[in-house]
Undergrad: 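This is the structure I have questions about; it appears just below.
Numbers restart at 1 for each chain; the letters A, B, ... are given by sequence-line order, proteins then strands.
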Number of protein chains: 2
Amino acid sequence: MSIQVKKSGQLRRAPENFLDAPLRQAISEHGLNDERRGFLRKSFAAATAALASGVAMARPGSVPEGDGDPLILNLQDHAKTLGNPVVMQGYGQPSRFEANLQRRQSPGLTRVPQASVSFAPLQGFFGIITPSGLHFERHHQGWIDIDPAQHRFMINGLVREAKVYTMDDLMRLPSVSRMHFIECGANSATEWGNVAVPTVQYTHGMLSCCEFTGVPLSVLLDDCGIDRKKAKFVLAEGGDGSAMTRTIDIARAMDDVIVAYGMNGEMLRPENGYPLRLVVPGVQGVSWVKWLRRIEVGDQPWATKDEAIHYIDLQPSGLHRQYTSVQECKSVITTPSGGQMLLEKGFHNITGLAWSGRGKIKRVDVSADGGRSWRTARLEGPVLGKCLTRFNIDWNWDGAPAILQSRAIDETGYVQPKIAQLREVRGTKSIYHNNAIQSWKINEDGEVSNVQVA
Amino acid sequence: MSIQVKKSGQLRRAPENFLDAPLRQAISEHGLNDERRGFLRKSFAAATAALASGVAMARPGSVPEGDGDPLILNLQDHAKTLGNPVVMQGYGQPSRFEANLQRRQSPGLTRVPQASVSFAPLQGFFGIITPSGLHFERHHQGWIDIDPAQHRFMINGLVREAKVYTMDDLMRLPSVSRMHFIECGANSATEWGNVAVPTVQYTHGMLSCCEFTGVPLSVLLDDCGIDRKKAKFVLAEGGDGSAMTRTIDIARAMDDVIVAYGMNGEMLRPENGYPLRLVVPGVQGVSWVKWLRRIEVGDQPWATKDEAIHYIDLQPSGLHRQYTSVQECKSVITTPSGGQMLLEKGFHNITGLAWSGRGKIKRVDVSADGGRSWRTARLEGPVLGKCLTRFNIDWNWDGAPAILQSRAIDETGYVQPKIAQLREVRGTKSIYHNNAIQSWKINEDGEVSNVQVA
């Protein structure tokens with residue numbers, strides 16, 4: 001839904017002329033006693049039809065014509081027909097009116113669409129759960145659709161006995177369910193320079209948050225008899241053509257990592273690793289290996305292509321940061337955001353998302369003047385560790401140009417930095433790990449755009 | 001996924017013969033040093049291909065033939081091709097291998113499929129979030145697909161000024177996001193008698209749980225200047241052909257009721273009330289009016305058809321319980337459950353759902369002997385008020401017949417009753433509000449079926 005408001009008026013102040021004249025009259029003349037309720041209902045329908053200003057009914061053909069009196073029965077088609085039957089649709093779909101809310105690729109970002117990104121439309125999301133049908137994608141060699149009956153998961157290396165598990169084996173084992181965000185390490189990469197991509201879908205859309213279900217990796221490592229003295233790292237390996245492999249330190253592997261088969265209540269989607277992916281809470285998405293087929297236990301990092309060549313940060317010193325993995329505290333306002341438009345002055349709810357790879361969000365502050373003054377936003381519950389947190393705050397737009405920002409603070413006390421602070425330490429050659437404060441400019445016409453504020 | 005296990009062995013005990021011979025040999029001969037990793041990976045693929053016991057590859061045509069040596073490269077097709085591109089799928093779908101997990105109608109339950117039920121497949125769910133594409137449906141006159149630009153929401157009655165809101169008006173206003181279960185008052189209706197429907201989908205499948213986003217009803221009532229002295233009840237009215245109307249007392253209306261447009265991160269689905277439904281936490285689903293078009297404020301209950309004729313309980317005294325609305329504390333084991341099968345003795349994770357319309361779940365106990373002895377299950381977080389809570393508990397099946405039960409206790413101290421206790425008070429003529437303990441019998445073959453245990 002875009003932000004379009006026809007009438008002015010702040011919250012808790014009655015807008016003028018909100019009802020059209022005939023309906024006002026109906027209410028005033030007939031009051032609210034039970035006998036008149038049916039009549040009022042008809043009036044309401046007539047009034048809403050009138051309010052619709054001549055737009056054609058969704059399904060034409062059976063709308064009776066009124067006789068000129070706006071109070072005569074003129075119910076919408078859907079209010080007097082049998083409607084659609086249950087179930088016949090198979091797996092449920094969004095309304096046809098929501099077809100524009102899509103994951104979108106950045107054209108030309110990669111040579112082939114198999115090694116690309118599709119960004120999640122954060123500007124249209126509510127709450128913290130990402131709809132599975134709109135979860136961001138980042139593949140290194142396309143997504144694959146594995147038959148779970150054929151899939152095997154192996155643990156080998158520094159264990160008493162290497163084992164191969166079927167999916168059915170895994171689903172008999174102790175199960176946990178946890179809500180966690182996943183963010184690509186390259187999320188907000190375009191903001192390192194002065195490239196202002198237009199919308200939050202492209203600045204922050206490599207971010208999603210789901211409820212994951214699976215077997216704790218620690219249970220499986222114990223099942224294989226991990227050598228607790230020698231084991232220092234594990235290697236996670238995916239089953240797709242890119243042979244994605246990532247090193248994870250053993251403390252983390254034995255802590256909250258999940259070998260997951262479930263996402264948002266059902267099996268993982270193919271593009272998210274069906275039937276098995278690693279969930280590494282708080283860590284950049286590349287380590288959440290999809291189509292997971294193997295965990296090897298070892299005593300040193302593997303320095304695979306995906307950790308020696310990619311997912312490293314070139315520092316001003318000329319050295320690379322390597323094995324960075326935790327996604328630091330970050331937030332972004334999703335509405336209003338770039339590409340949206342405020343059609344009117346007055347009350348607006350400002351909403352956005354905050355997250356930290358180090359734990360829970362403690363506070364989110366919001367500024368409407370480019371960081372000169374801040375107010376603390378309301379956090380929606382539940383506030384969970386390594387999970388998105390939704391924030392909301394009231395705002396009364398006076399019609400003057402404004403710059404909206406959000407600044408998150410996590411439970412460790414870490415404060416989300418300004419882009420200038422980040423550049424001071426990290427330079428501008430990085431691709432990854434940009435967690436700077438995002439700025440949205442609102443001009444006098446209500447247009448919202450992406451700007452960088454020192 | 002059904003429960004099918006090929007090998008025996010309890011958790012934390014290494015199963016015998018888990019790896020096939022060639023892979024065992026590879027591990028034992030080549031150890032785990034870096035130089036051999038590539039070789040091992042190939043071996044693993046070969047071994048998994050062998051384990052697949054001759055089942056054809058999903059996409060035939062490009063699988064190279066081995067030369068007779070099982071250690072020769074024989075990667076699955078999906079591990080050496082480019083895979084599928086991002087985005088091109090439009091809105092994401094479950095894997096083709098999950099096509100059997102569907103909402104299902106009970107044939108013959110109603111005369112037309114527009115006034116029917118489709119039950120959610122709880123046996124295949126994980127965690128607490130219900131996938132929006134599998135949310136249960138219960139319509140009185142079919143579902144409709146309203147154009148949100150045409151939709152209006154009215155508040156009238158005992159208010160200073162009646163108002164009509166557009167969707168855009170509502171989306172400017174203060175927003176909250178909350179996770180809540182929704183359960184039809186008639187869920188588990190078949191269990192009042194001795195009709196044993198076979199699966200948890202049919203016994204408990206009129207149950208779902210989502211994250212809802214919208215405007216607190218209290219904010220809207222205040223916006224219209226509700227008469228706080230006279231207002232005692234509100235009437236919620238839907239926009240479909242059934243003219244669904246339900247009375248809600250004012251204390252609840254001003255407490256946690258939400259005029260919701262969002263569900264699981266995106267707009268409501270058409271079959272769940274798009275673009276607007278009432279969320280009445282803890283209360284039976286019929287009051288969560290879909291395609292919500294009006295709230296009227298009054299000083300007495302309305303006694304509409306849907307509260308005077310339907311959704312009432314015939315008591316042994318011959319009187320009806322009316323205006324029952326809170327869904328009392330309840331739980332059910334979803335795996336193993338009726339229609340599933342344990343193929344082997346040994347370790348099994350028992351999992352299920354618990355909920356209470358009065359607040360949080362405090363404890364869930366599980367019995368494997370028809371209620372003679374109980375053990376306390378592990379609750380997955382977050383444990384939220386008026387929300388599903390997922391529980392898990394380890395179980396070692398010895399192969400003898402067993403009767404599995406779960407018993408939930410909520411934060412008020414209320415204990416989920418046995419069916420005999422419930423019948424003692426309520427008789428057997430009710431349709432609605434059956435929150436009794438559910439029993440699943442496991443016979444010696446591992447077959448799970450629905451039984452009633454006094």
Undergrad: Specify which of B:P382, B:S175, B:P270, B:G239 makes the most heavy-atom pairs with chain A at under 4.5 Å.
TA: B:S175
Undergrad: Is the backbone N or O of B:L82 less than 3.5 Å from a side-chain atom of A:Q114, with the two atoms forming a donor-acceptor pair by type?
TA: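 The answer is no, because no donor-acceptor pair under 3.5 Å joins these two groups.
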Undergrad: Got a second to check how far B:C210's SG is from A:I129's CD1, nearest 0.5 Å?
TA: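 Going from SG on B:C210 over to CD1 on A:I129, the span is 9.5 Å.
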Undergrad: Less than 4.5 Å apart, side chain to side chain, heavy atoms only: is that true for B:P131 and A:N264?
TA: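 They are not in contact (no side-chain heavy atoms under 4.5 Å apart), so the answer is no.
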Undergrad: Supply the atom-to-atom distance A:F126 CZ to B:M267 CE, rounded to the nearest 0.5 angstrom.
TA: 5.5 Å
Undergrad: Any donor and acceptor pair, going by atom type alone, linking the side chain of B:N84 with main-chain N or O of A:G142 inside 3.5 Å?
TA: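 Flag not set: sc B:N84 to bb A:G142 has no pair under 3.5 Å.
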Undergrad: Is there a side-chain contact between A:P85 and B:V112 (heavy atoms, below 4.5 Å)?
TA: no
Undergrad: With a 4.5 Å cut-off on heavy-atom pairs, point out which of B:E271, B:R390, B:M179, B:R104 contacts chain A the most.
TA: B:M179
Undergrad: Could you tell me which portion of A:T351 (side chain, backbone, both or neither) has an atom closer than 4.5 angstrom to a non-hydrogen atom of chain B?
TA: neither
Undergrad: Output the distance between atom CG (A:D145) and atom CZ (B:R96), rounded to the nearest 0.5 Å.
TA: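 That separation rounds to 4.5 Å.
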Undergrad: Where on A:R378 is there a heavy atom nearer than 4.5 Å to chain B: the side chain, the backbone, both, or neither?
TA: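 Only the side chain of A:R378 comes within 4.5 Å of chain B.
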Undergrad: So do A:P174 and B:D394 actually touch side chain to side chain, heavy atoms under 4.5 Å?
TA: yes
Undergrad: Should the pair B:Y274 and A:F97 be assigned to parallel (<30°), tilted (30 to 60°) or perpendicular (>60°) ring geometry?
TA: parallel
Undergrad: Give the member of B:V117, B:V176, B:L384 that has the highest number of heavy-atom pairs under 4.5 Å with chain A.
TA: B:V176
Undergrad: Which heavy atom of B:L173 sits nearest to which heavy atom of A:N349, and what is that distance?
TA: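 What the structure gives for the nearest pair is O-CB, 3.4 Å.
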Undergrad: Heavy atoms only: give me the nearest A:G83-B:I144 pair and the separation to one decimal.
TA: CA-CG2, 4.2 Å
Undergrad: Does any non-hydrogen side-chain atom of A:R269 lie less than 4.5 Å from one of B:P94?
TA: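 The answer is yes; the side chains approach within 4.5 Å.
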Undergrad: Please determine, among A:G265, A:P275, A:S177, the option with the most heavy-atom pairs under 4.5 Å with chain B.
TA: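 Greatest number of close heavy-atom pairs with chain B: A:G265.
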Undergrad: Mark yes or no for whether B:E211, through its side chain, and A:G127, through its backbone, hold a donor-acceptor pair below 3.5 Å.
TA: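 The answer is no, because no donor-acceptor pair under 3.5 Å joins these two groups.
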Undergrad: Rounded to the nearest 0.5 Å, what separation is found between the CZ atom of A:R152 and the CD atom of B:Q76?
TA: 10.0 Å
Undergrad: Output yes when a side-chain donor or acceptor of A:E137 lies under 3.5 Å from a complementary backbone atom of B:V86, and no otherwise.
TA: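 Side chain of A:E137 to backbone of B:V86, a donor-acceptor pair under 3.5 Å: no, none is there.
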Undergrad: Chain B heavy atoms under 4.5 Å from A:I393: which part of the residue, side chain, backbone, both or neither?
TA: neither
Undergrad: Search all heavy atoms of A:F347 against all heavy atoms of B:R172 and return the closest pair with its distance.
TA: O-NE, 2.8 Å
Undergrad: What part of B:S116 is in contact with chain A, defined as an atom under 4.5 angstrom from a non-hydrogen atom: side chain, backbone, both or neither?
TA: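 Looking at B:S116, backbone and side chain both touch chain A.
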Undergrad: Top residue by heavy-atom pair count (under 4.5 Å) with chain A, among B:G262, B:S95, B:S118, B:A99?
TA: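 Ranked by heavy-atom pairs under 4.5 Å with chain A, first place is B:S95.
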Undergrad: Counting distance only, does the side-chain N/O of A:Q141 pair as donor-acceptor with the main-chain N or O of B:T81 below 3.5 Å?
TA: yes
Undergrad: Counting only non-hydrogen atoms closer than 4.5 Å, does A:T213 touch chain B with its backbone (N, CA, C, O), its side chain (CB onward), both, or neither?
TA: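 The side chain, not the backbone.
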